[in-house]
Protein chains: 2
Amino acid sequence: MKEKQKSEETRNRILEAAEECFTRYGYDSTGVAEICNTAGVSKGALYHHFPSKQAIFVEMFETWMRSFVAEMERIRDSAASVPAALLRMVKMTGLIFQTAAGQLPLFIEFLTKASRDPETWKATIAPYKFFRKFFADLIHQGIEEGTIQEVDPERIAKIIVAYGAGLVMQGVFDPEGGRWVDVGVQGIRLILKGIIKEGTG
Amino acid sequence: MKEKQKSEETRNRILEAAEECFTRYGYDSTGVAEICNTAGVSKGALYHHFPSKQAIFVEMFETWMRSFVAEMERIRDSAASVPAALLRMVKMTGLIFQTAAGQLPLFIEFLTKASRDPETWKATIAPYKFFRKFFADLIHQGIEEGTIQEVDPERIAKIIVAYGAGLVMQGVFDPEGGRWVDVGVQGIRLILKGIIKEGTG
DNA sequence: TGGATTAGACCGACCGGTCGGTCAGTTAGT
DNA sequence: ACTAACTGACCGACCGGTCGGTCTAATCCA
């Protein structure tokens, strides 16, 4: 049994080292050798645990995405109303800036890379489509609970996702540029103001 | 004089070929040899006209940026009011999707690349800061002309830039996903609705 | 129980290929 | 004759991935 434990430890070390290197240097600029050095592991070991460099990245990406989605769902299910949930979600993106700001350029790098490869592409936009549906459902829920006007949920979802994505991008590219959480909150307030039903908070 | 003409022609051919290749394959995946083939020019010629691959890209980037900025200023100076100008500017981003959609992943790729290199970085965020100032000034102008409430121009500029950037990203990554111009217009309308002074259009 | 056998974890030199960039040499305009 | 424009073979660095081999823990068999 000891061997299996050690094996899994090595695998995790590789994953962690990869995350560190990718975050610091980007995907392309990180050599497999660099990952191996950081993990204190040989190339053979790396290719024993993963079929390719890309596979390592994809696993990272999926793990990251899963935890992000889980957090969003947690907020949605625990908030008192849809507008309140939206507000709390923007605040959460603020947390992202603090804890994982370095990973976002990497994420974008992956997106651009995937955009050239039709195979990877479908898998990549899946989470994006998920979020659009996520917000569309949320808006729909708001309409049903009576806190939001009878707008087109799809349309509003696109606006919200656009705003969120842009916010994240600005946060990434100009971390010192201001209190992005506050900007985020005010922007969502502005959007909410336009679609909310009077008399609700 | 004939030589100088030919030289400039070659230079432009290289620039055009580079734009084509970069747009099609991305920056990293485009080899200098590929650019040379497309331009029908030898490697030596390319390095006679440009000091490096990156220099070619930077020149492309700056040219593109200049024309974009010029267009924005043209709209600003010819619109009847600030809200009207904003609305026309979103519509313009729609044109971008049509005419230069392929270049945007490239633009983003460059951003991520630049984010790792402190030297390139300052030059890269310069246009971004420019746009924030551009919109802040615009909002300020709107306040002075009496069409916009007394908001914080900087803050609103950040919201607008975030929304615009996110819109562009969505347009890039999901071109088939909907009528992005309409989404853009409605989003800006929503934002405007929150900051506009009553009784103006 | 203990020696033999097996299988998986791991090592690191090595490979084929690519890429950005160079340079000695050729051509053609002035 | 001189120079700018241009050629293309070539260089060294690098990179993702491979492969023959080593070590060790688990398993089998007598």
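In what follows, chains are A, B, ... by sequence order, proteins preceding strands, each numbered from 1. A quick note: this is a predicted structure, and the numbers were derived from the prediction, not measured.
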From [atom1] of [X] over to [atom2] of [N], roughly how many Å is that when rounded to an integer?
| X | N | atom1 | atom2 | answer |
| --- | --- | --- | --- | --- |
| B/Ile35 | C/dG20 | CD1 | C1' | 11 Å |
| B/Leu46 | C/dT22 | CG | P | 12 Å |
| A/Phe57 | D/dG17 | CZ | P | 15 Å |
| B/Asn12 | D/dA5 | CG | C1' | 15 Å |
| A/Glu34 | D/dG16 | CD | P | 11 Å |
| B/Tyr47 | D/dC6 | OH | P | 16 Å |
| A/Asn37 | C/dC11 | CG | P | 12 Å |
| B/Glu9 | D/dA4 | CD | P | 20 Å |

>> Does B/Lys43 contact C/dG21 through a side-chain donor or acceptor facing the base, at a distance under 3.5 Å?
In response: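 Side chain to base: pair present.
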Strictly below 4.0 Å: does [X] bring a side-chain N or O up to OP1 or OP2 of [N]?
| X | N | value |
| --- | --- | --- |
| A/His48 | D/dT18 | no |
| B/Thr10 | D/dA5 | no |
| A/Ser42 | C/dC10 | no |

> Under 3.5 Å, is there a donor-acceptor pair linking the side chains of A/Gln54 and A/Ser52?
Replying inline: no
> Are the charged groups of A/Arg11 and A/Glu59 less than 4.0 angstrom apart, N to O?
Replying inline: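 Result for this pair is yes, salt bridge flagged.
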> In terms of side-chain geometry, is the basic nitrogen of B/Asp174 or A/Arg132 positioned less than 4.0 Å from the acidic oxygen of its partner?
Replying inline: yes
>> Regarding B/Thr30, tell me which of base, sugar-phosphate or nothing describes its non-hydrogen contacts under 4.0 Å with the strands shown.
In response: sugar-phosphate
> Of B/Gly44 and B/Lys53, whose nearest nucleotide on DNA chain C comes first from the 5' end?
Replying inline: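 Going by which nucleotide is closer to the 5' end, it is B/Lys53.
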> Do A/Phe22 and A/Phe61 pass the ring-ring contact (aromatic ring centres under 6.0 Å, His included) test, and can you show the C-alpha distance, the side-chain angles, and the key distance before you say yes or no?
Replying inline: CA-CA 11 Å; A/Phe22 285 151; A/Phe61 176 74; over 10 Å; no
>> Check for me whether the distance between the ring centres of A/Tyr163 and B/Tyr163 falls short of 6.0 Å.
In response: no
